[in-house]
2 protein chains.
Amino acid sequence: MNIGDVADLSGLPAKTIRYYEDIGLVEPLRSSNGYRSFRQSDVHKLAFLGRARALGFTIEDCRSLLKLYADTDRASAEVKQIAEEHLDRIDSKIAELTEMRATLSHLVDACAGDHRPDCPILADLAMEHKAGSISKASG
Amino acid sequence: MNIGDVADLSGLPAKTIRYYEDIGLVEPLRSSNGYRSFRQSDVHKLAFLGRARALGFTIEDCRSLLKLYADTDRASAEVKQIAEEHLDRIDSKIAELTEMRATLSHLVDACAGDHRPDCPILADLAMEHKAGSISKASG
DNA sequence: GTTGACCTTCCAGTAACTGGAGGCCCTATC
DNA sequence: GATAGGGCCTCCAGTTACTGGAAGGTCAAC
């Protein structure tokens, strides 16, 4: 199977598949013409990678997960640990974004958004922030 | 004022401040010894940048915001637009992460996390995903 | 034999820094 | 005057996970 077919099957761009080979996540064979030749197992691996990446696992996580997947003697605890750490990272990120969102949406609500120059958003960014941040936004 | 003092005042690492100069966000003067010499206005700008970055604005957003901040003839609508677009990006990101979180937490809950090899997490990553994804996770 | 699609490699760029090497400047102390 | 220590300088490379593009080989069809 050539890279184009695998790209179609796995949903990953050919570029990405080549990149995954570069960093050692897959090792397709080579045809006599130099083209990569993917086996079913390669396609399977790539689909696995695509799903793991879609869940936000890092490439290094993926590498570990693939290793565990290949190891039928693995302990599920190892897999679970990776997933839980990732879950924690996601939670932190969500918390961070949610805070940003709250502040920002206050500011946006407070801004008239008209032709006049007065702008609570800029005012907030410019101010010294001695005490509580958005102060008068009553929302 | 030397870069170290400004770093302390603004909370930004000296490296970051140099970087911001590189990309033209601030233009400190230079002392005769070659050291950067920051004015109050530079410090103010850097603090502004620090807060904008903390709200997740991109560097290019920051550049635009600084420009608007400096322009007393600005329309607040321009500022608001930047903020709203950013808010949308944040919302998309939160939605994406929340979805990941949901799937992942189902999988984590379904995984025994013991010495045995059976693992719903790996099973899910490996499977063909013909229909609905997590299927039997009753949570 | 020539299109045109597909494949190859290699290089550069993305976002926003961060780390480190190699080296100058300044102050204090002996 | 020499030295130790910090702080400052520039420049280069690395981070994450790709993505775009150039230059060129391969293959099937017409």
Side-chain angles (χ1 to χ4, degrees), chain A residues 1-38 42 45-46 48-66 82 85-86 89-90 92-93 96-97 100, chain B residues 1-38 42 45-46 48-66 82 85-86 89-90 92-93 96-97 100:
Chain A
M1 235 182 198
N2 283 352
I3 199 166
D5 307 317
V6 180
D8 289 346
L9 276 180
S10 67
L12 296 171
K15 276 263 174 191
T16 299
I17 297 173
R18 289 196 196 96
Y19 171 67
Y20 285 173
E21 186 191 13
D22 267 6
I23 61 174
L25 287 181
V26 279
E27 300 183 50
L29 304 174
R30 292 287 176 145
S31 304
S32 52
N33 60 9
Y35 285 18
R36 288 170 183 79
S37 177
F38 295 83
D42 295 319
K45 230 179 192 177
L46 286 165
F48 183 106
L49 285 168
R51 285 189 285 270
R53 291 287 302 130
L55 285 181
F57 284 107
T58 66
I59 290 287
E60 288 316 307
D61 283 343
C62 290
R63 200 186 295 281
S64 307
L65 289 171
L66 273 181
I82 293 173
E85 283 168 10
H86 180 39
R89 288 197 302 267
I90 291 178
S92 307
K93 195 76 196 159
E96 189 190 343
L97 288 170
M100 284 180 186
Chain B
M1 233 181 203
N2 282 354
I3 199 167
D5 308 318
V6 180
D8 290 346
L9 276 179
S10 68
L12 296 171
K15 275 266 174 187
T16 299
I17 297 173
R18 288 195 197 98
Y19 172 68
Y20 285 173
E21 185 190 12
D22 267 5
I23 62 175
L25 289 182
V26 278
E27 300 183 52
L29 304 173
R30 293 288 175 144
S31 306
S32 52
N33 61 9
Y35 285 18
R36 287 168 184 80
S37 175
F38 295 84
D42 295 318
K45 230 179 193 177
L46 285 165
F48 183 107
L49 285 168
R51 285 189 285 270
R53 291 288 300 130
L55 284 181
F57 285 106
T58 66
I59 288 288
E60 288 316 306
D61 283 344
C62 290
R63 201 186 295 281
S64 308
L65 290 171
L66 273 181
I82 293 174
E85 283 169 11
H86 180 40
R89 290 198 303 267
I90 290 179
S92 308
K93 196 72 196 164
E96 188 190 343
L97 287 171
M100 284 181 187

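Below, chains carry the letters A, B, ... as their sequence lines are ordered, and counting in each starts from 1. These numbers come from the heavy atoms of this one structure, side chains and all, not from hydrogens, waters or symmetry mates.
One atom, CD1 of B/Ile3, and another, C1' of D/dG7, lie 11 Å apart when rounded to the nearest Å. Between A/Asp22 atom CG and C/dT9 atom P the separation is 8 Å, expressed in whole Å.
In terms of heavy atoms, B/Arg53 sits closest to B/Cys62 at CD-SG, 3.9 Å.
Distance from the side chain of A/Arg36 is smallest for C/dT8 among the nucleotides D/dT26, C/dT8, D/dC8.
For the OP1/OP2 pair of D/dC9 and a distance below 4.0 Å, the side-chain nitrogens and oxygens of B/Asn33 include no atom meeting the criterion. OP1 or OP2 of C/dT9 lies within a sub-4.0 Å distance of a side-chain N or O belonging to A/Arg30.
Projected onto DNA chain D by closest heavy-atom contact, B/Phe38 and A/Ser32 fall at different nucleotides, the more 5' of which corresponds to B/Phe38.
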**Q.** Summary of protein contacts for nucleotides 11-18 of chain C, nucleotide by nucleotide, where a base hit scores B, a sugar-phosphate-only hit scores S (4.0 Å, heavy atoms)
**A.** -----BBS

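Using a 4.0 Å heavy-atom cutoff across all strands shown, A/Ile23 reaches no nucleic acid atom at all. Within the 4.0 angstrom heavy-atom criterion, base atoms lie near A/Arg18.
Put simply, the side chain of B/Thr16 never gets that close to the backbone of B/Leu12: no donor and acceptor are under 3.5 Å apart.
Note that CD1 of A/Ile82 is 4.5 Å distant from CG of A/Leu65, once rounded to the nearest 0.5 Å.
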